[in-house]
Amino acid sequence: RSRVLSGIQPTAGSFHLGNYLGAVRQWVALQESHDAFFAIVDLHAITIPQDPRALREATRLAAAQLLGAGLDPERCTLFVQSHVPEHTQLAWVLNGFTGFGEAARMTQFKDKSAKQGTEGTTVGLFTYPVLQAADILLYQADEVPVGEDQRQHIELTRDVAARFNARLGDTFAVPAPRILKEAAKIYDLQDPAVKMSKSASSPRGIVWLMDEPKASGKKFRSAVTDTGTEVRYDPEGKPGVSNLLVIYSALTGIGVAELEEKFAGRLYGALKTELADVFAEWVAPFRARTEEFLKDPAELDRVLALGADKARAVATATLADVYGKVGFLPVG
Ligand code: AQP
């Protein structure tokens with residue numbers, strides 16, 4: 001079976017709809033067809049300031065949501081990144097195989113550091129993509145299921161892997177991105193020119209999965225749409241309406257063309273109201289399952305410990321190979 005690896009940051013409160021539709025939804029399907037590794041990437045989370053207690057809570061919440069979304073620890077390897085020390089160990093080695101200019105070209109870093117200023121930007125944020133490369137390469141992943149926003153980071157991972165292999169001999173599988181055509185990028189409900197994002201979206205532009213469905217319903221109903229009245233998929237001319245159609249389609253499995261027919265002759269308001277209902281119906285069982293998992297933190301911790309064991313079995317082998325190739329003296 002081909003191997004996939006992907007990660008998601010623990011976020012206080014919950015995941016947002018972009019995380020779910022762009023990433024988590026794929027993961028649930030992939031555990032059936034692939035040898036799948038999924039990490040809650042808490043090491044990545046501390047590249048911006050975190051409250052320690054909130055981070056711990058967010059990590060368990062992330063696990064509960066992933067299980068609530070349908071991940072099954074019997075069918076995939078679900079673990080917390082900091083439980084597997086090989087991630088940071090490999091990241092350090094890869095720092096030596098990544099050009100400064102190469103890392104400085106990452107648009108996510110450029111955007112975030114521009115917003116936070118040089119003093120507000122951590123070195124961790126700069127080397128974030130190198131740690132991400134380590135996450136992927138440790139497991140010899142063939143494919144990396146992500147949203148469109150991560151394409152550049154996967155390219156960097158491929159370049160670093162190929163460079164290491166060329167210099168020191170075949171060591172890493174060179175992974176390919178696996179990006180859904182549908183819902184690769186979910187946009188902010190208030191500003192459909194930018195992606196829905198936990199750090200950049202306004203509170204009304206982002207839909208949090210664990211929020212009260214009433215609050216999310218309001219956000220759908222007040223989503224920014226476009227001039228004109230016709231409900232039609234046209235990402236250039238009608239980015240707001242197109243975003244709503246994509247979300248509707250992803251949540252129901254009804255094709256966008258069919259949705260256009262369904263809403264023919266009806267106004268934008270009808271689409272927004274129906275989408276609010278569709279979301280409420282979809283999210284209720286997800287929230288209930290997640291709440292159920294959260295009731296038993298000891299069980300969550302047990303599941304994560306088993307996941308870490310499975311992950312480490314693979315990670316230690318890759319790291320040992322890398323250390324040998326680099327020329328580190330083995331412990332005598
Ligand atoms: N708007 C989105 N549409 C589709 N996919 C998305 N992803 C994130 N936003 C969207 C995908 O979610 C996965 C988890 O990513 P992460 O935990 O690294 O979070 P992120 O990408 O950093 O999410 P945010 O909200 O965009 O955070 P900030 O604002 O901090 O950058 C990834 O596969 C990602 O593609």
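Just so it is clear, the model here is predicted, and its values are computed rather than measured. In listed order, ligands and their atoms are each counted from 1.
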Quick test: of every protein heavy atom, which one is nearest to [atom], and how far off is it to 0.1 Å?
atom	value
atom 18 (O) of ligand 1	Gln9 NE2, 3.5 Å
atom 26 (O) of ligand 1	Lys195 NZ, 2.5 Å
atom 27 (O) of ligand 1	Lys198 NZ, 2.8 Å
atom 30 (O) of ligand 1	Lys112 NZ, 3.0 Å
atom 5 (N) of ligand 1	Gly18 O, 3.2 Å
atom 9 (N) of ligand 1	His16 CE1, 3.5 Å

Counting heavy atoms only, which part of [X] comes closer than 4.0 Å to ligand 1: side chain, backbone, both or neither?
X	value
Ser199	both
Ser6	neither
His44	neither

At a 4.0 Å threshold, what atoms of ligand 1 neighbour a non-hydrogen atom of [X]?
X	answer
Gln150	21 (O), 35 (O)
Tyr128	18 (O)
Ala23	12 (O), 13 (C), 33 (O)
Gly22	4 (C), 5 (N)
Lys185	3 (N), 4 (C)

Below 30° counts as parallel, above 60° as perpendicular, anything between as tilted: where do the rings of [X] and [Y] land?
X	Y	value
His16	Trp208	perpendicular
Phe279	Trp282	tilted
Phe126	Phe109	perpendicular

Is the closest N or O pair between [X] and ligand 1 shorter than 3.5 Å?
X	value
Ile186	yes
Asn19	yes
Gly7	no

Quick one: are [X] and [Y] in side-chain contact, heavy atoms under 4.5 Å?
X	Y	result
Glu274	Phe263	yes
Gln81	Asp135	yes
Glu212	Arg287	yes

What residues join Leu43 in its hydrophobic cluster, counting side-chain heavy atom gaps under 4.5 Å, either direct or through other members?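 Other cluster members: Leu131.
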Val4, Ile179, Ile154 screened by side-chain contact (heavy atoms from CB on, under 4.5 Å) with Val144, the one that passes: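 Exactly one candidate clears the test, Ile154.
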Can Glu260 and Tyr233 be counted as having a side-chain donor-acceptor contact under 3.5 angstrom?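 There is no such pair (donor and acceptor under 3.5 Å, judged by atom type) between the side chains of Glu260 and Tyr233.
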From Asp149, Ile206, Thr11, Val194 - option closest to atom 34 (C) of ligand 1 by heavy atom: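 Selected option, by shortest heavy-atom distance: Asp149.
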Out of Pro10, Pro145, Ala184, indicate the one that has the non-hydrogen atom closest to atom 4 (C) of ligand 1.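 Selected option, by shortest heavy-atom distance: Ala184.
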Is it true that Asp51 and Arg53 make a salt bridge, defined as a side-chain N closer than 4.0 Å to a carboxylate O?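 Looking at Arg53 together with Asp51, the answer is no, because their closest N to O distance does not fall below 4.0 Å.
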Carboxylate-amine/guanidinium proximity below 4.0 Å for Asp301 and Arg60: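 Looking at Asp301 and Arg60, the cut-off is met.
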So, using ring pair (Phe, Tyr, Trp, His ring centres under 6.0 Å) as the criterion, who are the partners of Tyr187 when residues are at least two apart?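 Residues passing ring pair (Phe, Tyr, Trp, His ring centres under 6.0 Å) with Tyr187: none at all.
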Is Glu148 near ligand 1, meaning one of its heavy atoms is under 4.0 Å from it?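 No.
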